[in-house]
Amino acid sequence: MTARAYALSDGNSFYCSCERVFDARLARLPVIVLSNNDGCAIARTNEAKALGIRMGEPWFKIRDMCRQQGVRVYSSNYALYGDMSARVNAVYRSFSPRIEVYSIDESFLDISDVRESDREALARDMRATVRAWTGIPTCVGIGPTKTLAKLANHVAKKNPELGGVCDLTDPEQYDHWIIRVPVGDIWGVGPANTRRLEALGCDSAADVRDLDTRVARKAMTVVGERLVRELRGEACLDLETLAPTRKGCAVTRSFSNRVEDLATMEEAVAAHAARLGEKLRGERLGTDHVTVFFHTSEHDRDRPQRSVSTVVTLPEASNDTRVLVKACLHGVRKTWKDGFRYSKAGVVTTDLVPLAASQRALPGLGQIDREQGAALMAALDACNRRFGRGAVVPGAAGLTPKREWSTKFEMRSPRYTTRADELPVVAAA
DNA sequence: TCTGGGGTCCTAGGACCC
DNA sequence: TCTGGGGTCCTAGGACCC
């Protein structure tokens with residue numbers, strides 16, 4: 001049996017790169033993309049990083065500086081990023097059929113079948129092809145385990161002289177880099193485990209690799225032992241080529257303005273419940289209980305704080321928007337109290353089940369008419385796909401949507417690839 | 001004025017059972 | 001004074017990821 005080899009490819013400053021694909025003027029300019037509600041910076045180009053803009057930096061703190069420095073700022077445009085991600089993955093699939101889509105901008109590829117001496121060339125070819133076909137710049141890390149492929153990717157990103165590719169299945173490269181990566185930069189090691197590992201005398205990934213597995217397990221449970229083995233080149237994590245059915249699903253949002261009245265809260269929660277139904281129907285999943293929560297903001301220091309979380313049980317599993325909205329509104333009304341400035345609300349489900357196989361309630365004891373409901377929901381989803389999300393909503397409880405609470409996207413670019421009315425316009429002279 | 005959203009995995013500890 | 005020993009299931013919370 002030949003040793004395994006994984007490649008991890010990811011898009012550089014992915015959201016920013018997507019914006020650059022559709023506006024060539026952004027090349028070499030500092031660009032950032034903001035989180036939902038235009039809250040903070042979640043993607044920065046190298047030029048923006050060089051200006052000192054940190055990951056997660058609140059927008060209101062850097063707004064003035066960004067204006068002065070000419071930083072180009074965008075609200076999140078997930079329709080665009082999701083579509084670009086699919087295009088990039090289509091290119092990866094032409095290089096290896098065994099691929100795990102790990103996140104919107106990262107995928108693992110199994111390249112065990114590629115000869116050791118050909119791996120680096122393959123990675124370079126793949127980078128060039130992704131760039132040519134989608135416009136997205138990438139980096140590729142190669143390793144005998146997923147953790148080492150991640151590490152290699154990190155090295156490729158931090159060391160421009162490598163030309164975007166690092167292969168740690170090459171023993172010389174492995175020995176060279178493993179001693180140069182600090183513990184905090186290892187995949188799976190966050191702030192808490194960095195402290196624990198440093199207390200054990202580990203400064204580099206090589207130090208962690210050389211830890212006794214029992215010591216690692218004691219300090220960091222099974223996660224620690226697995227980490228040590230993966231760094232040694234012993235694969236403990238498999239490629240997950242089939243996306244597992246999801247276990248939970250949530251729709252949560254901060255309000256653009258604080259919410260102080262019940263009617264607005266009901267409107268927001270009903271909209272979140274409707275979106276939840278849409279997501280569940282997309283995967284043919286259902287739930288028989290839903291958690292509704294809302295709370296004030298820790299940043300309102302001088303204000304009374306309140307945090308509510310309540311579970312509403314349904315008679316049987318469902319993904320019907322009308323059922324979910326009704327249940328969630330019940331949760332809000334049951335727990336509502338005036339006199340607070342609420343900053344965020346959400347609906348959360350866990351224990352999702354494939355709807356078709358789920359236990360039915362007895363007729364007369366709350367059984368939901370699934371057949372008729374499913375047809376109605378399918379029609380609803382079709383309308384919303386065609387005319388945009390939220391075009392049609394159930395008229396639950398006489399709500400008249402004003403959407404005063406809704407999320408801000410004040411600087412969003414056009415959805416170039418998914419909306420005909422937002423196609424880029426080209427002028428030929 | 002203004003500070004994201006959505007996931008997963010793992011463990012400890014309590015309740016409950018035989 | 002002495003007051004079992006295992007199971008399982010559930011929940012809350014920590015930690016981490018992008």
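Note on naming: letters A, B, ... go to the chains in the order of the sequence lines (proteins, then strands), and numbering restarts at 1 for each one. Predicted model, so just to flag it, every value in this text is computed and none were measured. The basis for the numbers below is simple: all heavy atoms, side chains too, and nothing from hydrogens, waters or symmetry mates.
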A/N89 versus A/S107, side-chain donor and acceptor atoms under 3.5 Å: yes
Residue-level proximity of residues 241-261 of chain A to DNA chain B when a heavy atom falls under 4.0 Å: A/R246, A/K247, A/G248, A/C249, A/A250, A/V251, A/T252, A/R253, A/S254, A/R258
Which is true for A/N36 with a 4.0 Å heavy-atom rule: it touches a base, it touches only sugar-phosphate, or it touches nothing? sugar-phosphate
Rounded to the nearest 0.5 Å, how far does CE of A/M265 lie from CH2 of A/W336? 4.5 Å
Pair A/D38-A/S75, side-chain donor/acceptor within less than 3.5 Å: yes
Positions of residues 193-231 of chain A (non-hydrogen atom under 4.0 Å from DNA chain C), listed by number: A/N193, A/R196
Tell me if the centroids of the rings in A/W405 and A/Y342 come within less than 6.0 Å of each other. no
Check: A/S96 side chain, A/D110 main-chain N or O, donor-acceptor pair, under 3.5 Å: yes
Side chain of A/S85, backbone of A/I104: donor and acceptor closer than 3.5 Å? yes
For a quick check of understanding: with a heavy-atom distance under 4.0 Å over all strands, which category does A/K408 fall into, base, sugar-phosphate or nothing? nothing
Closest-nucleotide mapping onto DNA chain B: is A/R341 or A/T407 further toward the 5' terminus? I mean the 5' end. A/R341
If you take any heavy atom closer than 4.0 Å to DNA chain C, which residues from residues 58-90 of chain A end up in contact? none
I'd like to know if the side chain of A/S17 pairs up with that of A/N12 as donor and acceptor (distance under 3.5 Å, no hydrogens or angles considered). no
Ionic contact status for A/R44 with A/E57, cut-off 4.0 Å: no
Atom CG in A/L329, atom CD in A/E267: separation rounded to 0.5 Å? 10.5 Å
Using the C1' atom as the reference point in each nucleotide, state the distance between C/dG4 and B/dC16 in Å, no decimals. 16 Å
A/Y416 and A/E19: side chain donor to acceptor below 3.5 Å: no
I would like to know whether A/R25 and A/R72 meet side-chain contact (heavy atoms from CB on, under 4.5 Å); could you show each step before the answer? CA-CA 10 Å; A/R25 292 169 299 184; A/R72 300 300 198 271; over 6 Å; no
Toss me the dot-bracket line for DNA chain B: Watson-Crick and G-U wobble, both under 3.5 Å, 5' to 3', using | for pairs to another strand and [ ] for crossers. ....||||||||||||||
Using a heavy-atom distance cut-off of less than 4.0 Å, which residues of residues 98-106 of chain A contact DNA chain C? A/Y102, A/S103, A/D105, A/E106
How close do A/T147 and A/L227 get, heavy atom to heavy atom, and via which atoms? CG2-CD1, 4.1 Å
Would you say A/T417's side chain and A/L80's backbone share a donor-acceptor pair under 3.5 angstrom? no
When you check the side-chain N and O atoms of A/S297 and A/R303, is any donor under 3.5 Å from an acceptor? no
DNA chain B: 5'-most and 3'-most nucleotides touching chain A, 4.0 angstrom heavy-atom criterion: B/dC2 to B/dT11
Flag, side chain of A/N319 to backbone of A/L285, donor-acceptor distance under 3.5 Å: yes
Is there a side-chain contact (heavy atoms from CB on, under 4.5 Å) between A/V155 and A/Q173? Walk through the geometry before answering. CA-CA 11 Å; A/V155 169; A/Q173 293 290 305; over 6 Å; no
Taking atom OG1 of A/T310 and atom CZ of A/F293, what is their separation to the nearest 0.5 Å? 13.0 Å
Verdict with supporting geometry, A/I186 and A/L151, side-chain contact (heavy atoms from CB on, under 4.5 Å): CA-CA 6 Å; A/I186 305 170; A/L151 204 82; 4.2 Å; yes
